[in-house]
Amino acid sequence: MTTIHLHNTATRKKQVFTPLDPENIRMYVCGPTVYDRAHLGNARPVVVFDVLFRLLRHEFGADHVTYVRNFTDVDDKINNTALERQKAGAEGTLEELIAERTEETIGWYHADMDALGAMRPTKEPRATQYIGAMISMIEGLIAKGHAYAKDGHVLFRVRSYAEYGALSGRSVDDMIAGARVEVAPFKEDPMDFVLWKPSGDDLPGWESPWGRGRPGWHIECSAMSHELLGPSFDIHGGGLDLQFPHHENEIAQSCCAHPGAGFASVWMHNEMLLVEGKKMSKSLGNFFTVRELLDQGYAGEVIRFVMLSTHYRKTMDWTEKKAQEAEKTLWEWHALAKDVQPSAPSAALVDALSDDLNTHAAITELHRQANVLMAFEAGADLPDSFDADQAYSQFVGSAQLVGLMTPEVSDWAENAYDLSGLEMLLESYRSQAMQTKDFSAVDRLKNSLIEAGVEVRMSKSGVELLAGSNFNPEKLAGLA
RNA sequence: GGUGGGUUGGCGGAGAGGUUACGCACCGGAUUGCAAAUCCGUGAAGACCGGUUCGAUUCCGGUACCCACCUCCA
């Protein structure tokens, strides 16, 4: 078995991954707040941890990995959307409108992430399904002196947890000195954060020992990870922006509620994303959702390829140029390995991923394999040991380990348009022209095909037509 | 102010203290009716200043610039 190394944010080191229980690897990744379409930045952790999920399944067996990714469906942004709809005259109670909004958003999320070839996690809990677990966790924290109730709020007492700040490398005093913390009258200390807050009649709420209210943002992940994975598990992931305060607060809550359990062994954070060198923002006009990209004609597989071409701990720049290069590469690979059944991935590819998810090295390895196949097709001299069938199937199997060239994402490139009629026509024109030396008809047809985005390959062995990535079937009308 | 990250050839983007990264683009050649595709090959790098070393783009220190987080955010 390959040794997997992962970079642990908590120790700032790359470490050998040793499962707590090889029979059941457990991973928790912070999922989306379901108030709107997922934007491109939301997609990065999905793709990153999907690759990790696939690697772990490959190494430990598909039935021995549990991947939990939550939906945050308690949130003021959702409430606001529902309130706006109600004001605009939408039918139904606020609770119903909220449920409607979260349902539709979850549906979008699934559709968009499916398009990127991301496997569904083993479990996708929703915060609203675990309110009871959150309440009992909060009660436990109060009982141990780690939290206190005041004015309908419950707050976590940051000073009661000596390790607070260890994950993000901050000290409580430094942060207070930064003076960018909200000082609320019900807080003992400015850094204390909300576990529970009161809800007015116009907001969703649940009955609790502290009155009708709703949970703070951080407690849900502590409660759900505990319910579904236990007090200690292997990997906790998310975007780097969650490192503080979200994950810091999760650690404080979970470790105080379950002392000695250890909580997550490895913390992994993906870096943020830029668009054409700039932070994605609505004001710059470079903000877009995954759906918008898909609708513009970028295949989900292309988006995935671009994501994988940068290591997850580096800032990724989404550019039009990269997307086009990715599309071209994938198009060639699909043409190369059409209808090939996958076999086991190459050791080099598994090694690349095992080195802290070096997806870029994995792509380099795929290029290497593709180049061998192209050389083979061109009739190059290859070692006697070369086994073509094996090479093709290993290529596809390798690509599939990173979620490329799977049946789920291959439609865009493999929806074959039947060009065989035109192929035969061009072939006959050409063989005539070989006799007459008049190539005008051949050139006319060839240029029309190129104009329509078809790649024309003519060689001694015959004519081959391949639809290119800019193929436009409408332009073929009348050619045959 | 605090914390963390980055700066590699035309572009993207890795690894490794000493031997070609890789992809795309470019250039030369083969091939082709002309092309395309393919094959062969050339060129091109490591922000700046010091230090360690026989040798550093790779380790250490400093400078400059860029970025992110510290507030909802993947």
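Order of the sequence lines sets the chain letters (A, B, ...), proteins ahead of strands, with each chain counted from 1.
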Pairwise side-chain contact, S440(A) with R444(A), heavy-atom cut-off 4.5 Å (strictly under)
yes

All heavy atoms of T289(A) vs all of E292(A), minimum pair found to be N-OE1, 2.8 Å

Side chain of N42(A) only, heavy atoms from C-beta on: which candidate in rC73(B), rA35(B), rA37(B) is closest?
rC73(B)

Look at the side chain of D355(A) against the base of rG15(B) and say whether a donor-acceptor pair falls under 3.5 Å; ignore hydrogens and angles.
no

Could you work out which one of rC39(B), rA74(B), rG13(B) sits closest to the side chain of A375(A)?
rC39(B)

Gap between atom CG of L195(A) and atom CD1 of I138(A) - 0.5 Å precision:
5.0 Å

Sticking with atom C1', work out how far rU58(B) lies from rU53(B), rounded to a whole angstrom.
13 Å

With a non-hydrogen cut-off below 4.0 angstrom, is G238(A) in contact with a base, only sugar-phosphate, or nothing?
sugar-phosphate

Nearest-nucleotide pick for K314(A), side chain only, options being rU7(B), rC69(B), rU38(B)
rU7(B)

Taken to the nearest whole Å, CD/E276(A) to C1'/rC11(B) is 13 Å

Is the shortest distance from a Lys or Arg side-chain nitrogen in R101(A) or D36(A) to a carboxylate oxygen in the other one below 4.0 Å?
yes

Protein-nucleotide distance (N249(A), atom CG; rU71(B), atom P), rounded to Å
11 Å

If you check every side-chain atom of L242(A), which of rC72(B), rA74(B), rA14(B) has the closest atom?
rA74(B)

Indicate, with a heavy-atom threshold strictly under 4.0 Å, whether M434(A) touches base, sugar-phosphate, or nothing.
sugar-phosphate

Among rU38(B), rC69(B), rA36(B), which is the nearest nucleotide to the side chain of M374(A)?
rU38(B)

Does the side chain of T319(A) come under 3.5 Å of the side chain of D317(A) through a donor N or O and an acceptor N or O?
no

Check every strand shown and say whether R457(A) touches a base, only sugar-phosphate, or nothing at a heavy-atom separation below 4.0 Å.
base

Among rG4(B), rA74(B), rA35(B), the one nearest any side-chain atom of N270(A) is rA74(B)

Which dot-bracket string describes RNA chain B (Watson-Crick N1-N3 plus N6-O4 or O6-N4, or G-U N1-O2 and O6-N3, all under 3.5 Å; [ ] crossing; | other strand)?
(((((((..(((.....[...)))..((((.......)))).....(((((..]....))))))))))))....

Taking the nucleotide of RNA chain B with the closest heavy atom to each, which residue, M316(A) or K446(A), is nearer the 5' end?
M316(A)

When you look at H110(A) and F71(A), which way does the ring pair (Phe, Tyr, Trp, His ring centres under 6.0 Å) test go after all the steps?
CA-CA 11 Å; H110(A) 276 147; F71(A) 284 117; 5.6 Å; yes

Could you give the CZ-to-P distance, from R37(A) to rA74(B), as a whole number of Å?
16 Å

Measure from the side chain of T33(A), starting at C-beta and using heavy atoms only, and say which of rG13(B), rA74(B), rG33(B) lies closest.
rA74(B)

Looking for any heavy atom pair under 4.0 Å, which part of the strands does S168(A) touch: base, sugar-phosphate only, or nothing?
sugar-phosphate

May I ask you to evaluate whether K322(A) reaches the phosphate of rC11(B), defined as a side-chain N or O under 4.0 Å from OP1 or OP2?
no

Between rG28(B) and rA14(B), how far apart are the two P atoms, rounded to whole Å?
31 Å

Kindly give the heavy-atom pair with the smallest separation between R44(A) and M272(A), and that separation in Å.
NH2-O, 3.0 Å

For R313(A) and for K437(A), find the nucleotide of RNA chain B with the closest heavy atom, then tell me which residue's nucleotide is more 5'.
R313(A)

Once you apply a heavy-atom cut-off of 4.0 Å, does F244(A) come out as touching a base, just sugar-phosphate, or nothing?
sugar-phosphate

Taking atom P in both rC39(B) and rG51(B), what distance in whole Å separates the two?
47 Å

Could you work out the separation of rC40(B) and rU20(B) based on their C1' atoms and round it to a whole Å?
15 Å

Please classify the nucleic acid contact of L40(A) as base, sugar-phosphate, or nothing, using heavy-atom distances under 4.0 Å.
nothing

May I have the distance from L274(A) (atom CG) to rC11(B) (atom P), rounded to whole angstrom?
17 Å

Looking at R368(A) and E365(A), is there a salt bridge between them, counting it only when a charged N and a carboxylate O are closer than 4.0 Å?
yes

Selected nucleotide, minimal atom distance to E455(A) side chain, candidates rG13(B), rA37(B), rC34(B)
rA37(B)

Using a cut-off of 4.0 Å on non-hydrogen atoms, how would the nucleic acid contact of V46(A) be classed: base, sugar-phosphate, or nothing?
nothing

Each nucleotide in nucleotides 19-31 of chain B should get exactly one letter: B, S or -. Can you fill that in based on protein heavy atoms under 4.0 Å?
--BSSSS-----S

Distance between C1' atoms of rG50(B) and rG43(B) (Å, rounded):
32 Å

By the 4.0 Å heavy-atom rule, please label H269(A) as base, sugar-phosphate, or nothing.
nothing

To the nearest 0.5 Å, what is the distance between CG (D356(A)) and CG (N358(A))?
8.0 Å

Same-atom distance (C1') from rC59(B) to rG18(B), integer angstrom:
14 Å

Are the side chains of Y164(A) and E248(A) in touch, meaning some heavy atoms are under 4.5 Å apart?
yes

Do the two ring centres, one from Y67(A) and one from Y28(A), sit under 6.0 Å apart?
no

Which word best sums up how the rings of H269(A) and W267(A) line up, parallel for under 30°, tilted for 30 to 60°, or perpendicular for over 60°?
parallel

Quantified in whole Å, what is the C1' atom distance between nucleotide rG12(B) and nucleotide rU7(B)?
15 Å

Using the P atom as the point on both nucleotides, what is the distance between rC26(B) and rC11(B), in whole Å?
15 Å

